[in-house]
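Below, chains carry the letters A, B, ... as their sequence lines are ordered, and counting in each starts from 1.
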2 protein chains.
Amino acid sequence: MSLGLVHSKSFEGRACPKCSGETENLFCACILQILNQKSCSYAVRTFKPGAVIAMEGYKAPFFGSIITGVAAQEISLADGRVQGVSLLRPPDVIGNHLQETSKYSVTALSNLEIFCVSSELFDSLLRELPELRLRFLNMKLGDLERARNWLTVLGRRSSTERLAYLIVRVAQKIGFDASLPGTNELRVNLPITRERIGSFLGMSTETVSREFTHLERAGILSARNSRVITIFNYRRLEIAAGIDDDGGTIH
Amino acid sequence: MSLGLVHSKSFEGRACPKCSGETENLFCACILQILNQKSCSYAVRTFKPGAVIAMEGYKAPFFGSIITGVAAQEISLADGRVQGVSLLRPPDVIGNHLQETSKYSVTALSNLEIFCVSSELFDSLLRELPELRLRFLNMKLGDLERARNWLTVLGRRSSTERLAYLIVRVAQKIGFDASLPGTNELRVNLPITRERIGSFLGMSTETVSREFTHLERAGILSARNSRVITIFNYRRLEIAAGIDDDGGTIH
DNA sequence: CGAGTTTTTGAATGGTCTCAACTGGAGTGG
DNA sequence: CCACTCCAGTTGAGACCATTCAAAAACTCG
């Protein structure tokens, strides 16, 4: 595990200049500086796609904040059913302070860099650093709101709406590359299997696949090349997701 | 609204002796004392069953922590579909600091007493009082964990499992009266309509009703007197909910 | 290219919803 | 006190949506 060793330079470039950025890593430049002053142990750990970072019910290996990459957080039921609970991306955190065992399993979906400290250290940092505490609170409030909005997806939306909703959210937050020049097309990376999409949407892989072809036949998007989605008509995708402009559904 | 006036004595008896109790109101004795010292405005507001306390998309009227009673927090979709997101009970909070509009609608399910301050005041209290900040953070971390566990209910469980799961959770947290003397029976108050149960479980009222009779015919419980549930066999109810002892599912 | 995996597609099954009718209890007014 | 209304809850029948099982097609990687 080699705590105390930074294996990568990439974190430096992303450190906040004055501890204010929402999009920066939770362990920003200020906190890194404090860690160095106090000579606390920390590490940047890297994982390859498919690597299991934490396992539900087992001791959480560390407390970390993602620097680069995407990971999936899931809950398993005793009989093997799996429910995705969130897609993690910078600066989302992995691990729980104050709790021995991990509540979720976490799997890397891409190459991943995580800034790690021990759970105990994070807990004491949380007590000492008001700024960190505030950012952590706001991060968790955002998580809570997203989780509750996701309840409407699983509880009240049809399978077409669910898939469209997921793609809209991913387009907004993770995989958005760029609108293709000269067109209205949007290209979105969704580097996960149909099965895992199903685990987030609470549907079978077959239904996920069927709904992709459904959206394709409607001329809304193309998913040939199954990990890259080209959106032809974003507005119609939002409509298919049951998202409307007047704020009734959008969070 | 008459901020600054305590309309009820009932809060006093529940104030913490030394700011440590998990089950106390968020605005415990210590904080009440601080509020008095600084002569800040606060109020205890009361609501009757069915009263709408906050409306989704409208300005949140206050920031408050429940002293007594139960309330339902729900999200509405544009076409009228409703998804319950949490059952609120002491010391849960209503309203959002730092946000103008309420994300959820909140309805009183019983007589309700809420300790209220303005959102602005709560925000500044949060900055000033480390103890309050810690308790608020822990409260929200608990909310997040419950919301994510609920995702497994909506995404991966059958309607029988959903209803059984809800009853188990309510038995654990809200409506538990007592095991009836001389028997193994448990009596649980569930003071909400079948329709609202459906809104929490993502099912129609008819299916909720059918699943009640299903559990009745299996001899697990009785729901005649539809707002009071008598559980004959708690263990079998847990099994029906897909909750097992080995921690795979329990949070 | 060939083996294994992922994705798509088809057909049949089954679970949940919708529509509709009926039941039962609470409250109202004659 | 009883008939009436109203609302919540129950039950049934049929439709529909999503799942399961099965097989074919496409893609990945050695």
Exercise for the section: For the helix from C/dC1-D/dG30 to C/dG30-D/dC1, figure out the bend between the end axes, five pairs an end, and round to 10 degrees. Expected result: 30°

Practice task
State plainly whether the residues B/Glu145 and A/Lys103 are in salt-bridge range, i.e. N to O under 4.0 Å.
Solution key: yes

Practice task
Identify whether the distance between the nearest side-chain nitrogen and carboxylate oxygen of B/Arg235 and B/Glu238 falls below 4.0 Å.
Solution key: yes

Using a 4.0 Å heavy-atom cut-off, does [X] contact any base of the nucleic acid, only the sugar-phosphate backbone, or nothing at all?
X        : value
A/Ser226 : sugar-phosphate
B/Ser159 : sugar-phosphate
A/Arg227 : sugar-phosphate

If the condition is side chain to side chain contact (heavy atoms under 4.5 Å, CB included), which residues does [X] pass it with, not counting sequence neighbours?
X        : value
A/Val93  : A/Leu26, A/Phe63, A/Ser65, A/Phe136, A/Met139, A/Lys140
B/Thr101 : none
A/Arg236 : A/Ala218, A/Ile220, A/Asn233
B/Ala60  : B/Ser102

Fill in the blank from the handout: Here the distance between atom C1' of C/dG15 and atom CZ of B/Arg162, to the nearest Å, is 11 Å

Handout entry: Residues touching DNA chain D, which here means a heavy atom under 4.0 Å, drawn from residues 213-224 of chain B
Key = B/Thr213, B/Arg224

Practice task
Could you tell me whether the side chain of A/Arg156 and the main chain of B/Val82 form a donor-acceptor pair under 3.5 Å?
Solution key: yes

Problem - Sequence-distant partners of A/Thr193, side chain to side chain donor-acceptor pair (under 3.5 Å), two or more places apart - result: none

Problem - By side chain to side chain donor-acceptor pair (under 3.5 Å) - contacts of B/Asn225 (at least two apart) - result: none

Exercise for the section: Can you tell me which residue pairs pass the side chain to side chain donor-acceptor pair (under 3.5 Å) test with a partner in residues 211-224 of chain B, sequence neighbours excluded? Expected result: B/Ser159-B/Glu211, B/Thr160-B/Glu211, B/Thr160-B/His214, B/Glu211-B/His214

Handout entry: Nearest heavy-atom neighbours spanning B/Arg162 and B/Val153
Key = NE-O, 3.5 Å

Got a list of side-chain donor-acceptor pairs under 3.5 Å for residues 200-209 of chain A, not counting sequence neighbours?
{"residue": "A/Ser204", "atom": "OG", "partner": "A/Thr207", "partner atom": "N", "Å": "3.3"}
{"residue": "A/Ser204", "atom": "OG", "partner": "A/Thr207", "partner atom": "OG1", "Å": "2.9"}

Practice task
Please evaluate the base of C/dT16 for a donor-acceptor partner in the side chain of B/Arg157 within a cut-off of under 3.5 Å?
Solution key: no

Exercise for the section: Would you tell me whether A/Thr68 and A/Glu113 have side-chain atoms, one donor and one acceptor, within less than 3.5 Å of each other? Expected result: yes

Completion exercise
What residues 193-207 of chain A contributes to the DNA chain C interface at heavy-atom separation below 4.0 Å is A/Thr193, A/Arg194, A/Glu206

Handout entry: Along DNA chain D (nearest heavy atom to each residue), the more 5'-positioned of B/Ser209 and A/Asn225
Key = B/Ser209

Exercise for the section: Return the 5'-most residue of the pair B/Val208, B/Arg156 with respect to DNA chain D, ranking by each residue's nearest nucleotide. Expected result: B/Val208

Handout entry: Contact boundaries on DNA chain D for chain B, cut-off under 4.0 Å to non-hydrogen atoms
Key = D/dA8 to D/dA13

